[in-house]
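Not measured: the values here are computed from a predicted model.
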Amino acid sequence: MDTRESKTPQEEYEHLKEVRMPEDFEHREPDAGQPEAKRPAKAWHWLVLGVAIATGLFLAYRLLSAAWI
């Protein structure tokens, strides 16, 4: 993190140019400063989906087996 109080005129110009530039919604690319946005997601969503399905099947089995008693 940059903790300097003042910027050079060139740095100030670059900052203003970057802040004033409108966002490009048609060509969404992660910024160069966000390498984590370029990495694909790990397989956690499949694990959560599998656990949710297994829990639903278990609960359905318990409810249906209790209804037969």
Inset, instruction - Flag yes if Trp44 and Ile53 sit in one hydrophobic cluster, no otherwise; membership is Ile, Leu, Val, Met, Phe, Trp, Tyr, and two members link when side-chain heavy atoms are under 4.5 Å apart. - result: no

Inset, instruction - Answer with yes or no whether the hydrophobic clustering places Phe58 together with Leu64; edges join I, L, V, M, F, W, Y residues whose side-chain heavy atoms lie under 4.5 Å apart. - result: no

Inset, instruction - Tell me whether Leu57 is reachable from Trp46 by hopping between hydrophobic residues (I, L, V, M, F, W, Y) whose side-chain heavy atoms are closer than 4.5 Å. - result: yes

